[in-house]
**Student:** 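I have a structure here, written as structure tokens, and I will follow up with some questions on it.
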Amino acid sequence: MKKFYRVLIMAAAVAMLTGCGYNSLQQMEEGVFRAWSDVESNLQRRADLIPNLVQTVKGYAAHEKETLQAVVEARSKATSITLSTGDLANAQAMQQMADAQGALSGALSRLMVVVERYPDLKANQAFLDLQNQLEGTENRINVARQRYNRAVETFNAAIRKFPYSLTNSLLLKLERKAYFKAEAGAEQAPKVEF
């Protein structure tokens, strides 16, 4: 009879652990980490393409050294900032990453203005291919950021809802994750000049 009660207690304990969100919370946190890895993967793709872009433009615009150097420096700074999964709960670290990526986007925008000044470059097939890849990468980065924010929303909401909140406060102690936020001034439309 004692054996029957032991088995019953064990079964009840397993049922309570699976119903309290212990596994689900950890699975959701892993979803946040995976979504962030997707963001970083796309940022790396952009950083890898930039040296090719700069080299392509250098041949046509040798005297635009200042702009080209700014792109190279912004890329270097952006790739030097990396976040670990532990930093995803740190809003300040997330903001530093966003600032560095924003500076890189700004440098690329200035580079595109330089390109407008060189009609031969605009017609160069290699440059057009590279430009298309950069545009595709920017779109991928945006989609990855949106997916990351959705994963963070799901995770943050789960650790605040009962009974997951109880499980989290007693057993897991997982922290809220920071959303990816736009850089300052992004709410204003960019000014295009020809």
Side-chain angles (χ1 to χ4, degrees), residues 21-55 67-112 130-161 164-190:
Y22 184 85
N23 292 333
S24 298
L25 284 176
Q26 293 183 76
Q27 187 175 6
M28 281 185 250
E29 187 179 39
E30 286 301 318
V32 171
F33 295 157
R34 182 189 48 77
W36 179 250
S37 293
D38 290 345
V39 172
E40 287 187 323
S41 173
N42 284 297
L43 294 176
Q44 184 63 51
R45 176 185 163 87
R46 177 170 67 175
D48 291 344
L49 284 173
I50 288 172
N52 294 333
L53 178 62
V54 169
Q55 287 302 320
T67 302
L68 297 173
Q69 188 62 33
V71 172
V72 171
E73 288 174 5
R75 177 197 173 270
S76 176
K77 185 174 181 184
T79 55
S80 70
I81 296 175
T82 56
L83 296 179
S84 68
T85 53
D87 293 330
L88 296 181
N90 184 341
Q92 185 179 4
M94 292 289 288
Q95 187 59 48
Q96 285 178 340
M97 175 83 159
D99 290 345
Q101 291 297 325
L104 179 57
S105 295
L108 284 174
S109 296
R110 287 191 297 278
L111 181 60
M112 290 301 133
L130 202 53
Q131 193 177 24
N132 288 336
Q133 286 187 38
L134 277 175
E135 182 182 345
T137 301
E138 293 298 323
N139 289 336
R140 290 178 189 180
I141 290 170
N142 189 41
V143 169
R145 286 173 178 163
Q146 290 172 348
R147 288 179 179 162
Y148 169 75
N149 280 343
R150 274 197 296 271
V152 168
E153 178 187 23
T154 301
F155 175 78
N156 287 348
I159 63 172
R160 296 174 66 190
K161 286 195 296 190
Y164 290 5
S165 60
L166 188 61
T167 301
N168 188 45
S169 64
L170 293 176
L171 299 174
L172 296 171
K173 304 190 184 318
L174 303 174
E175 294 181 29
R176 293 185 70 199
K177 309 301 181 209
Y179 287 99
F180 190 92
K181 294 180 181 174
E183 60 188 278
E187 67 277 6
Q188 296 179 0

**Student:** Quick one: side chain to side chain donor-acceptor pair (under 3.5 Å) partners of Gln27, sequence neighbours excluded?
**Tutor:**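 Here no residue qualifies.
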
**Student:** Please find the pair of heavy atoms, one from Gly21 and one from Tyr164, that lie closest to each other, and give the distance.
**Tutor:**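 Taking Gly21 first and Tyr164 second, the nearest heavy atoms are CA-CE1, 3.1 Å.
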
**Student:** Any sub-3.5 Å donor-acceptor pair from Asp87's side-chain atoms to Ser84's backbone N or O?
**Tutor:**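 Yes, because the side chain of Asp87 sits within donor-acceptor range (under 3.5 Å) of the backbone of Ser84.
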
**Student:** With heavy-atom distances below 4.5 Å as the criterion, would you say the side chains of Phe33 and Leu88 are in contact?
**Tutor:** yes

**Student:** Which residue in the set Gln96, Gln101, Gln95 passes side chain to side chain donor-acceptor pair (under 3.5 Å) when paired with Asp99?
**Tutor:**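 Exactly one option meets the side chain to side chain donor-acceptor pair (under 3.5 Å) with Asp99, and it is Gln95.
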
**Student:** Under 3.5 Å, is there a donor on one side chain and an acceptor on the other for Glu153 and Asn149?
**Tutor:** no

**Student:** First locate atom CD of Glu29, then atom OG1 of Thr85, and finally report the distance between them rounded to the nearest 0.5 Å.
**Tutor:**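 Rounded to the nearest 0.5 Å, the CD-OG1 separation comes to 7.5 Å.
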
**Student:** Can you name the nearest heavy-atom pair linking Leu25 to Phe155, along with the distance?
**Tutor:** O-CE1, 3.8 Å

**Student:** With sequence neighbours excluded, tell me which residues meet side chain to side chain contact (heavy atoms under 4.5 Å, CB included) with Gln131.
**Tutor:** Met112, Phe127, Leu128

**Student:** To the nearest 0.5 Å, how far apart are OG in Ser165 and CG in Leu172?
**Tutor:**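 It comes to 11.5 Å.
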
**Student:** Starting at NZ of Lys161, measure out to OG1 of Thr167 and round the result to the nearest 0.5 Å.
**Tutor:** 13.0 Å

**Student:** How long is the span from the CD atom in Glu40 to the CG atom in Leu83, to the nearest 0.5 Å?
**Tutor:**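 Those atoms lie 6.0 Å apart.
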
**Student:** Please find the pair of heavy atoms, one from Lys173 and one from Leu170, that lie closest to each other, and give the distance.
**Tutor:** NZ-O, 4.0 Å

**Student:** Enter the distance from Gln55:CD to Asn52:CG here, rounded to the nearest 0.5 Å.
**Tutor:** 8.0 Å

**Student:** Do the side chains of Met94 and Tyr179 get nearer than 4.5 Å, heavy atoms only?
**Tutor:** no

**Student:** Minimum heavy-atom separation for Tyr148 and Ala178, please, with both atom names.
**Tutor:**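 Heavy atoms of Tyr148 and Ala178 come nearest at OH-O, 2.7 Å.
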
**Student:** Heavy-atom count around Arg147 CZ within 6.0 Å, excluding the residue itself: above 12?
**Tutor:** no

**Student:** Would you mind reporting whether Val143 and Asn139 have side-chain heavy atoms less than 4.5 Å apart?
**Tutor:** no

**Student:** Has Ser41 got a side-chain atom pairing as donor or acceptor with Asp38's backbone, closer than 3.5 angstrom?
**Tutor:**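 Such a contact is absent between Ser41 side chain and Asp38 backbone.
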
**Student:** Judged by atom type as modelled, is there a donor-acceptor pair below 3.5 Å linking the side chain of Ser76 to the main-chain atoms of Val72?
**Tutor:** no

**Student:** For atom CD of Glu175, is the number of surrounding heavy atoms from other residues, nucleotides or ligands below 6.0 Å larger than 12?
**Tutor:** no

**Student:** Rounded to the nearest 0.5 Å, how far apart are CG of Leu111 and OG1 of Thr67?
**Tutor:** 7.5 Å

**Student:** Is the side chain of Asn156 donor-acceptor paired with the backbone N or O of Lys177 at a distance under 3.5 Å, no angle test?
**Tutor:**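 A pair under 3.5 Å: yes.
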
**Student:** How far apart are the closest heavy atoms of Ala107 and Ala74, and which atoms are they?
**Tutor:** CB-CB, 3.9 Å

**Student:** With distance as the sole test, does Arg75 use its side chain to make a donor-acceptor pair with the main-chain N or O of Ala47 at under 3.5 Å?
**Tutor:** yes

**Student:** With a 4.5 Å cut-off on side-chain heavy atoms, are Leu53 and Arg46 touching?
**Tutor:**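 Heavy-atom side-chain distance check fails, nothing below 4.5 Å.
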
**Student:** A side-chain contact here means heavy atoms from C-beta on lying under 4.5 Å apart; do Leu104 and Leu43 qualify?
**Tutor:**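 Not touching, per the 4.5 Å side-chain cut-off.
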
**Student:** Just do the side chain to side chain contact (heavy atoms under 4.5 Å, CB included) check on Ile141 and Arg145 with the steps written out, would you?
**Tutor:** CA-CA 6 Å; Ile141 290 170; Arg145 286 173 178 163; 3.4 Å; yes

**Student:** What's the shortest heavy-atom distance between Met97 and Ile81, and which atoms?
**Tutor:**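 Minimum heavy-atom separation between Met97 and Ile81: SD-O, 3.5 Å.
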
